[in-house]
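A quick write-up on the structure given underneath.
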Amino acid sequence: MSPTTTEIGLREVLLALIAELLGEKALERGGIVLEAPPRADFGDYSSNAALLLAQHAGTAPRALAQRLGEALAQRLGGQLDHYEIAGPGFLNLFLADQWHHAALWQVLSEGERFGGGQASCPERIVVEFVSANPTGPMHVGHARNAAYGDALARVLAFHGHTISREFYVNDAGTQIHKLGASVIALMQGREVPEDGYHGEYMHALADSVKAQLADSPQAQVEPRNVGTVAVSLLLRTMRQSLDRFGVHFDHWAYESELHGGHPSAVDQVLGVLEQHGHTYSKDGALWLKTTDFGDDKDRVLVRSGGEHTYFASDIAYHQDKRERGFDRQIDVWGADHHGYVARMKAAYQALGGDSDELEMLTMQLVHLVRSGERAQMSKRAGEFVTLEELIAEIGVDAARWFLLSRSHDTTVDLDLDLAREQSSDNPVYYVQYAHARIASVLQKVGSERVGRTLEATPPGRAGAEQPLEAAERALVKKLLAFPAEVGEAAARRGPHRLTAYALELAQAFTAFYRDCRVVGAEPATVESTRIALCVACQSTIARCLDLLGVSAPREM
RNA sequence: GCGCUCGUAGCUCAGCUGGAUAGAGCAUCGGACUUCUAAUCCGAGGGUCGCAGGUUCGAAUCCUGCCGGGCGCGCCA
């Protein structure tokens with residue numbers, strides 16, 4: 001099959017022509033795009049190449065566009081219907097139905113791989129996300145973090161990278177002591193200390209800890225010990241919740257392990273920093289000179305009392321990830337951590353790392369909206385909406401979809417009423433419904449007929465001469481946009497783009513379904529083309545939903 | 001006060017490494033149902049892209065200032 005059949009292929013042809021006409025150097029000028037223009041009368045694809053290269057070529061933009069157009073028309077032959085020069089020098093391409101047919105079969109021939117594996121430079125990437133403190137249940141903010149981190153990991157993996165998902169467990173330090181003290185207080189029927197953990201879940205937790213430690217009364221009064229038991233119980237439920245949410249981790253990294261051994265990982269990393277002269281002592285504490293690397297003040301690593309700060313553990317954890325050989329580290333953090341980015345990047349450089357290899361993405365807040373009113377989450381224990389409650393109320397699919405439909409750096413309003421609605425007003429149901437509808441159509445067609453269509457070799461794929469309906473062309477083009485969407489979603493760390501794309505694709509299919517009957521279409525070649533469209537569209541919708549972690553039901 | 005971030009339709013948000021008449025969903029209004037799943041579809045209205053300058057052939061997009069919202073500024077985690 002000719003490489004000119006896909007959107008990407010077209011771009012390659014165009015670039016090759018430019019190199020031939022103007023020399024390789026012309027391509028060094030970036031920004032040349034070939035994209036679906038905003039209006040249909042600007043053609044199927046449009047390029048700004050002439051605008052950008054006119055100066056280099058020493059000709060007027062429109063004249064250069066004309067040259068490119070002529071050369072392209074010669075190269076593409078019957079696949080190009082015609083081209084136009086528009087505005088200041090845009091080259092607009094109007095592709096023939098023959099091209100659309102070829103492109104559709106190209107999509108089908110790629111099968112499961114369609115849109116994936118395009119990363120030009122595959123990397124080993126560790127994505128650390130959620131990492132909720134194991135001192136209480138996860139709330140809606142964690143749900144967003146989980147949905148985002150997981151979808152990002154899926155997108156990056158599909159794009160061609162090797163991904164490890166990690167959850168960093170803060171199971172050391174004073175908070176565990178506090179948790180233990182709080183549980184002990186409850187077990188003994190006392191009030192929870194002022195600075196302890198309150199909240200409804202603590203009572204059930206205390207009961208569970210008590211049951212676990214029933215046969216060792218002494219162990220029930222040691223805060224650190226009780227805290228550790230409580231953490232393991234909480235972690236178990238967190239893991240279960242995440243499991244139900246469709247989020248799985250490859251590795252659970254425990255902060256406590258960074259403190260074990262002689263010397264511990266933390267001690268070792270402090271040694272490295274000291275050795276490179278990035279630390280100093282002041283007021284009895286050990287400081288890291290993060291200001292040398294762009295932070296606005298230096299940070300404490302070891303407090304004057306001798307305890308390590310959380311920061312010190314975190315540096316050790318990032319060093320550990322470096323030593324495990326990842327090319328890139330992505331941390332997905334809560335909104336309240338954004339002030340932490342500069343110091344962590346500084347520390348990473350102090351370790352000898354390249355700060356570009358470390359990306360810290362901070363998630364903005366989630367507001368729940370119910371009956372048009374914002375249900376603010378309170379930080380006060382016990383009043384937040386938990387991940388479990390969110391799943392119970394709107395289900396995993398809707399929860400993930402809505403949490404993922406916005407960019408991670410903007411606050412999101414989650415409308416619980418809309419999310420729960422099972423109608424076309426609800427985007428997630430609309431997309432799933434399109435998928436189920438295709439499954440139904442294909443079932444009506446029959447697997448034997450579908451198989452016959454897909455197995456036909458190119459010459460047997462008659463129908464390439466059949467003119468296409470507008471809705472068919474539009475659907476082919478929407479399908480072809482998928483690889484670029486995946487590429488953008490991966491490059492910009494923005495899986496939310498795929499929710500928008502999935503909706504557009506579902507809309508394109510629905511328009512096609514309205515205008516073009518599939519089952520029994522005459523002649524058989526037309527039916528074959530439509531079956532092919534259904535198959536390609538179904539698998540692309542399914543792929544999109546899978547990348548988002550949303551199910552793609554075959555019937556609804 | 002300092003730092004980061006956001007400000008786009010009535011609402012929630014895309015678009016932001018500069019491109020043509022700024023998009024989607026919801027809401028509103030007007031239409032369509034002897035269908036391959038109506039859990040649907042078609043159409044319409046709705047915008048000084050916070051404000052003001054600057055850069056240029058061209059700015060929602062880049063730069064500066066201002067206004068407004070959010071978050072963070074500990075030898076807490």
Side-chain angles (χ1 to χ4, degrees), chain A residues 30-31 33 35 37-39 41-42 46-48 51-52 54-55 61 86-90 92 133 135 170 172-176 178 195 255 282-287 295-314 334-343 362 364-365 367 369 372 402 405-407 409-415 417-418 421-430 432-445 488 491-492 494 496-497 499-501 503-504 507 510-511 513-521 530 534 555-556:
Chain A
V33 295
E35 60 187 3
R39 289 168 51 193
D41 53 311
F42 289 158
S46 175
S47 180
N48 62 350
L51 261 57
L52 295 173
Q55 202 172 11
F90 288 103
N92 296 339
N133 281 335
T135 51
N170 294 121
T174 52
Q175 60 173 350
I176 304 309
K178 275 185 200 167
D195 65 344
E255 182 187 0
K282 192 182 82 177
D283 305 331
L286 183 70
W287 297 69
D295 197 7
D296 47 8
K297 58 177 107 167
D298 290 339
R299 309 292 174 175
V300 171
L301 294 170
V302 182
R303 306 206 292 260
S304 53
E307 312 93 4
H308 295 126
T309 58
Y310 171 87
F311 185 42
S313 310
D314 223 6
D336 54 340
H337 274 63
H338 82 260
Y340 203 78
V341 171
R343 85 185 64 168
T362 52
Q364 292 301 313
L365 303 176
H367 293 129
V369 177
F402 280 92
S405 60
R406 306 292 181 226
S407 165
D409 54 14
T410 184
T411 52
V412 51
D413 276 31
L414 203 171
D415 186 333
D417 301 318
L418 176 62
E421 203 165 313
Q422 308 209 349
S423 76
S424 67
D425 293 342
N426 183 342
V428 65
Y429 278 94
Y430 182 88
Q432 289 180 317
Y433 185 71
H435 182 270
R437 182 181 258 169
I438 298 171
S440 167
V441 170
L442 290 177
Q443 192 176 16
K444 196 146 285 187
V445 166
E488 287 286 295
R492 300 188 186 224
H496 71 281
R497 286 167 164 274
T499 61
Y501 174 75
L503 189 58
E504 287 168 15
Q507 283 169 335
T510 306
Y513 174 82
R514 180 190 68 236
D515 296 342
C516 307
R517 189 173 175 91
V518 178
V519 182
R530 292 179 179 173
C534 285
E555 55 186 52
M556 293 174 76

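Order of the sequence lines fixes the chain letters, A, B, ..., with proteins taken first and strands second; residue numbering starts at 1 for each chain.
Counting only heavy atoms from C-beta on, Pro88(A) has its side chain closest to rG19(B) among rA24(B), rG19(B), rC13(B). When distances are taken from the side chain of Tyr310(A) to each of rA39(B), rG15(B), rA77(B), the shortest belongs to rA77(B). Distance from the side chain of Asp413(A) is smallest for rC13(B) among the nucleotides rC13(B), rG25(B), rC16(B). When each of rC16(B), rG70(B), rC73(B) is scored by its nearest atom to the side-chain atoms of His338(A), the top-ranked nucleotide is rG70(B). Side-chain proximity of Arg303(A) to rC76(B), rC71(B), rU12(B): nearest is rC76(B). In the set rA77(B), rA14(B), rC41(B), rC41(B) carries the atom at the smallest distance from any side-chain atom of Tyr430(A). You'll find that the side chain of Ala86(A) is closest to rA20(B), out of rA20(B), rA77(B), rA39(B). Among the nucleotides rA24(B), rC75(B), rA77(B), the one closest to any side-chain atom of Asp283(A) is rC75(B). Closest to the side chain of Arg514(A), from the set rC42(B), rG74(B), rG19(B), is rC42(B). Taking only side-chain atoms of Glu488(A), from C-beta outward, the nucleotide of rU17(B), rG25(B), rC75(B) with the closest atom is rU17(B).
For the pair Thr309(A) (side chain) and Ala312(A) (backbone), a donor-acceptor distance under 3.5 Å is present. Between the side chain of Thr411(A) and the backbone N or O of Leu365(A), no donor-acceptor pair lies under 3.5 Å. A donor-acceptor contact shorter than 3.5 Å is absent between the side chain of Thr410(A) and the backbone of Ser407(A). Counting only distance, with no hydrogens or angles, the side chain of Asn48(A) and the backbone of Leu51(A) share no donor-acceptor pair below 3.5 Å.
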List the steps and the verdict of side chain to side chain donor-acceptor pair (under 3.5 Å) for Tyr433(A) and Thr510(A). CA-CA 10 Å; Tyr433(A) 185 71; Thr510(A) 306; over 6 Å; no
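Within the shown strands, rC6(B) is the pairing partner of rG68(B) under the Watson-Crick or G-U definition, both distances less than 3.5 Å. If you check rA39(B) for Watson-Crick or wobble pairing at under 3.5 angstrom, you find it has no partner at all. In a base pair of the Watson-Crick type (N1 to N3 plus N6-O4 or O6-N4) or a G-U wobble (N1-O2 and O6-N3), with each distance short of 3.5 Å, rU21(B) is matched with no nucleotide. The partner of rA14(B), taking Watson-Crick or G-U wobble pairs whose two distances both stay under 3.5 Å, does not exist in any strand shown. Base pairing analysis places rC33(B) opposite nothing; no Watson-Crick or G-U wobble pair with both distances below 3.5 Å involves it. Partner assigned to rG1(B) is rC73(B), using Watson-Crick or G-U wobble distances below 3.5 angstrom.
Residue-level contact check: Arg497(A) touches the backbone only, with heavy atoms under 4.0 Å from sugar-phosphate atoms and none from bases. Nucleic acid contact class of Ala335(A) (heavy atoms, under 4.0 Å, all strands): sugar-phosphate only. At the heavy-atom level, Asn92(A) lies under 4.0 Å from base atoms of the strands shown. Using a 4.0 Å heavy-atom cutoff across all strands shown, Val445(A) reaches no nucleic acid atom at all. Residue Lys282(A) is classed as a base contact, given a heavy-atom separation below 4.0 Å to a base. No engagement by Thr362(A) is indicated, since no non-hydrogen atom pair under 4.0 Å with the nucleic acid exists. Residue-level contact check: Cys534(A) touches neither bases nor backbone, having no heavy atom under 4.0 Å from any strand. Across all strands shown, Arg492(A) has heavy atoms under 4.0 Å from base atoms, whether or not it also approaches the sugar-phosphate. Residue Leu286(A) is classed as having no contact, given no heavy-atom separation below 4.0 Å to the nucleic acid. Counting any heavy atom pair closer than 4.0 Å across all strands shown, Asn170(A) reaches no nucleic acid atom.
The interatomic distance linking Tyr501(A) (OH) with rA24(B) (C1') rounds to 16 Å, in whole Å. Leu365(A) places its CG atom 11 Å from the P atom of rC13(B), with the value rounded to the nearest Å. Distance CD (Glu307(A)) to C1' (rG74(B)): 14 Å, rounded to an integer number of Å. Regarding Arg406(A), its CZ atom lies at a distance of 13 Å from the P atom of rU8(B), rounded to whole Å. Atom-to-atom, CG of Asp296(A) to P of rG72(B) comes out at 16 Å; the value is rounded to the nearest Å. Going from atom CD of Glu555(A) over to atom P of rA39(B) covers 14 Å, rounded to whole Å. Straight-line distance from the CD1 atom of Ile438(A) to the C1' atom of rA39(B): 15 Å, rounded to whole Å. The distance between atom NE2 of His435(A) and atom P of rA39(B), rounded to the nearest whole Å, is 19 Å.
By the salt bridge (Lys or Arg N to Asp or Glu O under 4.0 Å) test, Glu307(A) pairs with Arg303(A), sequence neighbours left out.
The shortest heavy-atom contact between Arg343(A) and Arg299(A) is NH2-NH1, 3.1 Å. In terms of heavy atoms, Asp314(A) sits closest to Tyr340(A) at OD2-CE2, 3.5 Å.
rG43(B) and rC67(B) have their P atoms separated by 45 Å, given to the nearest Å. For rC6(B) and rG15(B), the P atoms lie 11 Å apart once the distance is rounded to whole Å. Rounded to whole Å, the C1' atom of rU12(B) lies 28 Å from the corresponding atom of rA52(B).
When each of His308(A) and Ser405(A) is assigned the nucleotide of RNA chain B with its nearest heavy atom, Ser405(A) is the one assigned upstream, toward the 5' end. Place Glu255(A) and Arg530(A) on RNA chain B by their nearest nucleotides, and Arg530(A) ends up nearer the 5' end.
For Glu255(A) and Ser313(A), the side-chain atoms include at least one donor-acceptor pair closer than 3.5 Å.
Listed pair Gln507(A) / rC41(B) fails the phosphate criterion, with no side-chain N or O lying under 4.0 Å from OP1 or OP2. Put simply, Lys297(A) has a side-chain N or O that comes within less than 4.0 Å of OP1 or OP2 on rG74(B).
For the pair Tyr340(A) and rG72(B), the ring geometry does not qualify as stacking, because the centroid separation below 5.5 Å and plane angle under 30° are not jointly satisfied. Centre separation under 5.5 Å together with a plane angle under 30° does not hold for the ring of Phe90(A) and the six-membered base ring of rG19(B), so they are not marked as stacked.
For a distance-only test at 3.5 Å, the side chain of Asn48(A) fails to qualify as a donor-acceptor partner of the base of rA20(B). On a pure distance criterion of 3.5 Å, no polar donor-acceptor pair joins the side chain of Ser407(A) and the base of rA14(B). A donor-acceptor contact under 3.5 angstrom links the side-chain atoms of Ser304(A) to the base of rC75(B). Side chain His337(A) to base rG72(B): no donor-acceptor pair is found below 3.5 Å.
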